[in-house]
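The shown structure was predicted, so the numbers you read here are calculated from the model rather than taken from an experiment. Labels below follow one simple rule: chain letters A, B, ... track the order of the sequence lines, proteins then strands, and each chain is numbered from 1.
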Amino acid sequence: MRLYDTATRAKVAFEPLEAGKVGIYVCGPTVYDYCHVGHARCYVAFDVIVRYLRQLGLAVTYVRNVTDIDDKIIRRAQEQGEEPLALAARFTDAFHEDMRRLGNRVPDVEPTVSGHLPEIIALVERLVASDHAYVVDGDVYFAVDRFADYGALAARQLDELQAGARVEVDPRKRSPLDFALWKAAKPLEPSWPSPWGAGRPGWHIECSAMSERYLGATFDLHGGGMDLAFPHHENERAQSRASGGATSFARYWLHNGFINVRTAELGEEKMSKSLGNFFTIREVCARHEPEALRLFLLGTHYRNPIAFEIDARPEGPTFPLLEEAERRLGYAYRTVQRVRSARSSAAGAALSGAAPMGPALAGSGPAVLPPADAFRERFAAAMDDDFNTAAALGLLAELLAQANKLLDQAKGQPRDVVARTLAAIDAGLETVSAVLGLLGDDPQAFLQRRRDKLCQARAIDAAQVAAQIAARGAARRAKDFKQADALRAELSALGVELMDRPDGTTDWVVREEPVSATP
RNA sequence: GGCGGCGUAGCCAAGUGGUAAGGCAGAGGUUUGCAAAACCUCCACGCACCAGUUCGACUCUGGUCGCCGCCUCCA
């Protein structure tokens, strides 16, 4: 398996530190607000990476922290007259809810800063003792010039950094680049006792302390958003290597690309809280199936930027790419439903056109028809290549088309070949569900939920639709097609599309495009 | 100013030295009483532009243009 390592800026072969085991640390959220689509992308990407590593049979320890002590949390809490840790707890719950809806698995360990003060203080003490850090008035700073390799992760030159430093420099720091490991307490801020007096941890030290606690001084993978590479990850690395040895800490660095917001009038810009142009996961999920967001995100390789298209309308913004993803999901679930029901029906009796297995056919020909026969291998090859979910979804598209084709007309294929191919397709769908976290819902439930939602949006009364369908059925049986078509047209005007099944029953869906004012 | 990324059909998006996956939209067809769903066929002689390397380049090298980001909190 090959992955792109930020530190070496190249795709490299992945070799776990310890055969059969993988330790991965992903920087989690600072919980002072609801998570937006950008966060969703990061956590979906790493969820898939963890799922795939597990699929390969590796014993993965997935650690994703929650930062619950931080300047922004304190500020927000003061604004709202709330205790900082209470506010953090509230948004942690919201975060967990968002993750669950997106289909992300729960990490093995989800450490909080507030729960790891002893580890953090011990690490700072070690850095002070080894002269990698110094104390000024109750603050503790990391001395960047005591770590020769500083800047190597994010490819920064120290002199250039200093030239570009725009923040006002604290004159007590030896170098402008030095960063706080421990901050002395200020009035009205939460604080904890330490050897340097009451205070709280700096931003970067938590990840160093907590990754060491749960994964050891050296571990395999460290992930996060691209913007975290510098300075956050550079600083983590400096702290950890200064205390744990020159080759310690993360062995590979993975960084996901960003979400840009694209609107007709403003063009593209990064989605971020500071720009105020973000859409929260919950607000997007109020309009669309969370799984549609997941499918949308996995449609682009995790390191590439994604333009999140916004169609600004008087009645509120819509997300055309999510609408497309949701329609696609409808197709996928309809197909899954067909596959499962065909496989469970007796002897594949529902299949048309499949020739009975004869002696001449037994043992000859392909056991499983392409492309289903090679799905597993090709899926693995895509994922082995730096977790290429976009390529994997291309393979899924072929698999779904083959399933429908086979189910529509088996074209004289031996029945056992059809059965085996369907079994292979089903197995492929299981793999997709396990690794990508897609199509794991009950198809019937998904389709029903979606139709209900569309009905509600258009004020369609399902009982009335059923009555109209019954009336049309009677008309059809009486061969009164004029009347039947009139009823169909009536429903169609409401946005209801009828689908006559071969068995004489009629199913219906709500059309997804807005109904045009005049035909 | 330094560093990094991106630019592939109307739109989304893989590919990254051997002659352009997949999806959406569109056109035609099969099927259907009519539809819908589903399937099939078609849809980039070309991968921002220019110049090189090569038997061969979307893929490598150099340059140009455009967009985004990091260097400050940020997924």
Next item on the list: Just call it for G394(A): base, sugar-phosphate, or nothing, with non-hydrogen atoms closer than 4.0 Å on any strand.
Entry: base
Next item on the list: For G15(B), take OP1 and OP2 only and decide whether either is under 4.0 Å from a side-chain N or O of N388(A).
Entry: yes
Next item on the list: Could you measure between the two P atoms, the one in A13(B) and the one in G46(B), and give it in whole Å?
Entry: 23 Å
Notebook entry, point to check: E309(A) near the nucleic acid: base, sugar-phosphate alone, or nothing, with a heavy-atom cut-off under 4.0 Å?
Noted result: nothing
Next item on the list: Would you kindly check if the NZ (Lys) or CZ (Arg) of R156(A) is within the cone defined by 45 degrees around the ring axis of F230(A) and under 6.0 Å from the six-membered ring centre?
Entry: yes
Notebook entry, point to check: Looking across every strand, which nucleic acid part, if any, lies under 4.0 Å from G299(A) by heavy atom: base, sugar-phosphate, or nothing?
Noted result: sugar-phosphate
Item checked: Distance test, side-chain N/O of R501(A) to OP1/OP2 of A36(B), below 4.0 Å -> no
Check: Which part of the nucleic acid, if any, lies within contact of L395(A), taking any heavy atom under 4.0 Å across all strands shown: a base, the sugar-phosphate backbone alone, or nothing?
Finding: nothing
Next item on the list: For A13(B), give its Watson-Crick or G-U wobble partner with both distances under 3.5 Å, or none.
Entry: none
Notebook entry, point to check: With both distances under 3.5 Å as the test, what is the Watson-Crick or G-U wobble partner of C34(B)?
Noted result: none
Next item on the list: Check every strand shown and say whether D507(A) touches a base, only sugar-phosphate, or nothing at a heavy-atom separation below 4.0 Å.
Entry: nothing
Notebook entry, point to check: Counting only Watson-Crick or G-U wobble pairs whose two distances fall under 3.5 Å, which nucleotide matches C45(B)?
Noted result: none
Check: Got R200(A) and I74(A) here, is their nearest side-chain heavy-atom distance under 4.5 Å?
Finding: yes
Note to self: Quiz question: going by heavy-atom distance under 3.5 Å, is there a donor-acceptor pair between the base of C24(B) and the side chain of R327(A)?
What the structure shows: no
Notebook entry, point to check: Across the strands shown, which category fits R328(A) at heavy-atom distances under 4.0 angstrom: base, sugar-phosphate, nothing?
Noted result: sugar-phosphate
Check: Taking for each residue the nucleotide of RNA chain B bearing the nearest heavy atom, is the 5' side occupied by H204(A) or by R472(A)?
Finding: R472(A)
Notebook entry, point to check: What is the base-pairing partner of C39(B), counting Watson-Crick and G-U wobble geometry with both distances under 3.5 Å?
Noted result: G29(B)
Next item on the list: Calculate the interatomic distance between I259(A) atom CD1 and C68(B) atom P; express it in whole Å.
Entry: 16 Å
Check: Within 45 degrees of the axis of the six-membered ring of Y43(A) and under 6.0 Å from its centre: does R64(A) put its NZ or CZ there?
Finding: yes
Item checked: Derivation of the side chain to side chain donor-acceptor pair (under 3.5 Å) call for Y25(A) and N65(A) -> CA-CA 8 Å; Y25(A) 187 94; N65(A) 69 289; 3.2 Å; yes
Next item on the list: State whether the distance check finds a donor on one side and an acceptor on the other, under 3.5 Å, for side chain D500(A) versus base C34(B).
Entry: yes
Notebook entry, point to check: Is there a Watson-Crick or G-U wobble partner for C60(B) with both distances under 3.5 Å, and if so, which one is it?
Noted result: G52(B)
Notebook entry, point to check: Can you tell me how far C1' in A57(B) sits from the matching atom in G15(B), rounded to whole Å?
Noted result: 13 Å
Check: Is there a donor and acceptor pair closer than 3.5 Å between the side chain of R476(A) and the base of G33(B)?
Finding: yes
Notebook entry, point to check: With a 4.0 Å cut-off on heavy atoms, is F481(A) in touch with a base, just the backbone sugar-phosphate, or nothing at all?
Noted result: base
Next item on the list: Have a look at M271(A) and say if it touches a base, only the backbone sugar-phosphate, or nothing, with a 4.0 Å heavy-atom cut-off.
Entry: base
Check: Does a side-chain N or O from K11(A) land closer than 4.0 Å to OP1 or OP2 of U16(B), or not?
Finding: no
Item checked: Result of checking N388(A), N256(A), D386(A) against Y302(A) for side chain to side chain donor-acceptor pair (under 3.5 Å) -> D386(A)
Note to self: Rounded to whole Å, please give me the gap between CZ in R338(A) and C1' in A37(B).
What the structure shows: 8 Å
Next item on the list: With heavy atoms under 4.0 Å as the rule, sort R262(A) into base, sugar-phosphate or nothing.
Entry: sugar-phosphate
Notebook entry, point to check: Which part of the nucleic acid, if any, lies within contact of D227(A), taking any heavy atom under 4.0 Å across all strands shown: a base, the sugar-phosphate backbone alone, or nothing?
Noted result: base
Check: When you compare U72(B) with U64(B), how far apart are their P atoms, in angstrom units rounded to a whole number?
Finding: 27 Å
Checklist line | Gap in Å between the two C1' atoms, one belonging to G29(B) and one to U19(B), rounded | finding: 30 Å
Notebook entry, point to check: If you take atom types as modelled and just measure distance, does the side chain of R488(A) reach the base of A35(B) with a donor-acceptor pair under 3.5 Å?
Noted result: yes
Next item on the list: Using a heavy-atom cut-off of under 4.0 Å over every strand shown, decide if E268(A) touches base, sugar-phosphate, or nothing.
Entry: sugar-phosphate
Notebook entry, point to check: What nucleic acid atoms does R334(A) come within less than 4.0 Å of, heavy atoms only: base, sugar-phosphate, or nothing?
Noted result: sugar-phosphate
Check: Which part of the nucleic acid, if any, lies within reach of L228(A) when heavy atoms closer than 4.0 Å are counted: base, sugar-phosphate only, or nothing?
Finding: sugar-phosphate
Next item on the list: Identify whether any heavy atom of A155(A) sits under 4.0 Å from a base atom; if not, whether one sits that close to sugar-phosphate; answer base, sugar-phosphate or nothing.
Entry: sugar-phosphate
Checklist line | For G4(B), the Watson-Crick or wobble partner whose two distances fall under 3.5 Å | finding: C68(B)
Next item on the list: Mind calculating the distance between CG (D408(A)) and C1' (A36(B)) to the nearest angstrom?
Entry: 13 Å
